[in-house]
Amino acid sequence: MAMLKDKVVIVTGSGRGIGRDIAMMMAAHGAKVVVNDPGVSATGEGKDEGPAAQVVEEIRKAGGTATANTDSVAEWESANRIVKTAVDAFGTVHAVVNNAGILRDRIFHNMSVEEWKAVIDVHLNGSFYMAKAVAAIFKSEERGAFVHMTSTSGLIGNFGQANYAAAKLGIVGLSKSIALDMARFKVRSNCISPFAWSRLIGTIPSDTPEQQARLARMQAMETAKIAPLAVYLCSDGAEKVSGQIFAVRANEIFLMGQSRPIRSVHRGEGWTPETVANHAIPAMEKSFYPLERSGDVFNWDPV
């Protein structure tokens, strides 16, 4: 139970749901945890210090060590305050779990610029701000782990989530870049795509029988199932695991694919628009990906 003994871990968005369960398990395995959560609504509005404080209280009652922070990850200055909270309380940082998130779902042609920006700011910019704010510590101490939350909405696709999908796929690129750029300093960066019923998932519309069936499957998936992989990825035991994308679905853990060439064509004399139409596309179209959503690919009941 001491896999993270004396490690200092920041878990953003850990006042509720997946983040709360990750923070609780980190502490149970010996970590000193910064429970970060501004206590906003699922759409990112309002502020409430209660959720973060409550999780800290639960951790302490269980014999763990934690402190609360209610800054938003969506701004550079406040992200730095989150890291400062950890350093002031515990002296350093060993791992960051970028879990904070909001949803502003809207079909693409009706999505406002504000809805787009709000989600990008929390998910993608917030992940960058947190990683950048702690990077100097990781580099100087030549160790550190990032765990970023991605989503099959970005990895595969989903209706009405252009902002969320773009942010979550952007996080995959960010994680891989961190893993490559900071490998020489023994810093690791990985992604988890979680399947679980949470407060955010509960905001997804359920207007059709298909949507209702999908949400019913999601309700069977507990948020606590995500925590074990996150704890492991922050431990020294994961020192050789970096640049990977995992998905967790109840008792299933998946290693997700990454973009690689799957088919090629060539012409020695080069291409014209006509030969692209007559040769290249017909040769490749049988390998095209269909316009699938996450539920089309993960279409069996969780194990």
Assess the residue pair Arg249 and Lys225 against the criterion (side-chain contact (heavy atoms from CB on, under 4.5 Å)); give the C-alpha distance rounded to whole Å, side-chain angles, the decisive distance to 0.1 Å, and a yes or no. CA-CA 8 Å; Arg249 187 176 184 264; Lys225 299 289 188 178; over 6 Å; no

Please assess His94 against Val9 for the test side-chain contact (heavy atoms from CB on, under 4.5 Å), listing each intermediate value before the final yes or no. CA-CA 6 Å; His94 295 91; Val9 182; 5.5 Å; no

Show your working on side-chain contact (heavy atoms from CB on, under 4.5 Å) between Ser287 and Arg263 and close with a plain yes or no. CA-CA 7 Å; Ser287 299; Arg263 192 79 186 266; 3.7 Å; yes

side-chain contact (heavy atoms from CB on, under 4.5 Å) for Asn125 and Val122? Distances and angles first, verdict last. CA-CA 6 Å; Asn125 291 341; Val122 173; over 6 Å; no

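The two residues Ser235 and Arg188 come nearest to each other via the heavy atoms O-NH2, 3.0 Å. The shortest non-hydrogen separation linking Ile59 to Thr65 is CG2-N, 3.7 Å. Across all non-hydrogen atoms, the minimal contact from Asn98 to Ser127 is ND2-O, 3.5 Å. Residues Pro38 and Lys47 come closest through the heavy atom pair O-CG, 3.2 Å. Minimum heavy-atom separation, Val33 to Ala27: CG2-N, 3.8 Å. The shortest non-hydrogen separation linking Arg16 to Pro51 is NH2-CG, 3.3 Å.
Counting heavy atoms from C-beta on, the side chains of Val134 and Phe146 come closer than 4.5 Å. The shortest distance between side-chain heavy atoms of Ile102 and Glu45 does not fall below 4.5 Å. A 4.5 Å side-chain heavy-atom check between Lys5 and His29 finds every atom pair outside the cut-off. Side-chain atoms of Ile192 and Ile226, non-hydrogen and from C-beta on, do get closer than 4.5 Å to each other. Leu4 has its side chain within reach of Cys234: a pair of non-hydrogen atoms, C-beta onward, lies under 4.5 Å apart. In this structure the side chain of Tyr164 never reaches within 4.5 angstrom of the side chain of Asn158, judged on heavy atoms. Using a 4.5 Å cut-off on side-chain heavy atoms (C-beta onward), Ile281 and Val276 make contact. Here the side chains of Asn69 and Val35 are not in contact, with every heavy-atom distance at 4.5 Å or above.
Side chains of Arg81 and Thr70: no donor on one and acceptor on the other come within 3.5 Å. Side-chain atoms of Lys176 and Gln258 include a donor-acceptor pair closer than 3.5 Å. A donor-acceptor contact closer than 3.5 angstrom links the side chains of Ser189 and Ser175. Side-chain contact check for Asn190 and Gln244: no donor-acceptor pair (N or O, by modelled atom type) lies under 3.5 Å. Side-chain atoms of Glu77 and Asn80 form no donor-acceptor pair, as typed in the model, at a separation below 3.5 Å.
Ser294 places no side-chain N or O within 3.5 Å of a backbone atom of Thr152 that could act as its donor or acceptor partner. Remark: the backbone N or O of Gly237 is paired with a side-chain donor or acceptor of Tyr232 at under 3.5 angstrom. At distances below 3.5 Å, at least one donor-acceptor pair connects side-chain atoms of Asn163 with backbone N or O atoms of Glu115. Looking at Ser14, its side chain does come within 3.5 Å of a backbone N or O of Asn36 through a donor-acceptor pair. Looking at Lys32, its side chain never comes within 3.5 Å of a backbone N or O of Lys7 through a donor-acceptor pair. In this structure, the side chain of Asp88 does not engage the main chain of Thr85 through any donor-acceptor pair within 3.5 Å. In this structure, the side chain of Asp48 does not engage the main chain of Gly39 through any donor-acceptor pair within 3.5 Å. Of the possible donor and acceptor atoms, one in the side chain of Asp296 sits under 3.5 Å from a partner among the backbone N and O of Arg293.
Summarising the local packing, CG of Asp236 is surrounded by 12 or fewer heavy atoms from other residues, nucleotides or ligands at distances under 6.0 Å. By the neighbour-count criterion of 12 heavy atoms within 6.0 Å, atom CD of Gln54 is sparsely surrounded, having that number or fewer from other residues, nucleotides or ligands. The local environment of CG in Leu255 is crowded, with over 12 non-hydrogen atoms from other residues, nucleotides or ligands closer than 6.0 Å. Residue Lys286 places its NZ atom among 12 or fewer non-hydrogen atoms of other residues, nucleotides or ligands, all under 6.0 Å distant. Remark: Glu142 CD is packed, more than 12 non-hydrogen atoms of other residues, nucleotides or ligands lying under 6.0 Å away. Applying the 6.0 Å contact sphere to OH of Tyr289 captures no more than 12 heavy atoms from other residues, nucleotides or ligands.
Ion pair Glu58/Arg20 flagged as a salt bridge, since at least one NZ, NE, NH1 or NH2 atom sits closer than 4.0 Å to an Asp/Glu carboxylate oxygen. Checked for salt-bridge contact, Arg60 and Glu57 miss the test: no charged N lies under 4.0 Å from a carboxylate O.
For the atom pair CG of Leu169 and SG of Cys191, the computed distance is 9.5 Å after rounding to the nearest 0.5 Å. Taking CE of Met221 as the start and CG of Asp301 as the end, the distance is 8.5 Å to the nearest 0.5 Å. Residue Asp71 holds its CG atom at 5.5 Å from OG of Ser78, rounded to the nearest 0.5 Å.
Between Phe298 and Trp300, the two ring planes are tilted [angle within 30° to 60°].
Between Phe254 and Phe246, the gap from one ring centroid to the other reaches at least 6.0 Å. Annotation: His266 is not in aromatic contact with Trp271 [ring centroid separation under 6.0 Å not met].
The side-chain tip of Arg106 does not point at the ring of Trp116 from less than 6.0 angstrom away and within 45° of straight on.
The side chain to side chain contact (heavy atoms under 4.5 Å, CB included) test with Val97 is passed by exactly one of Val231, Ile10, Thr12, Val147: Val147.
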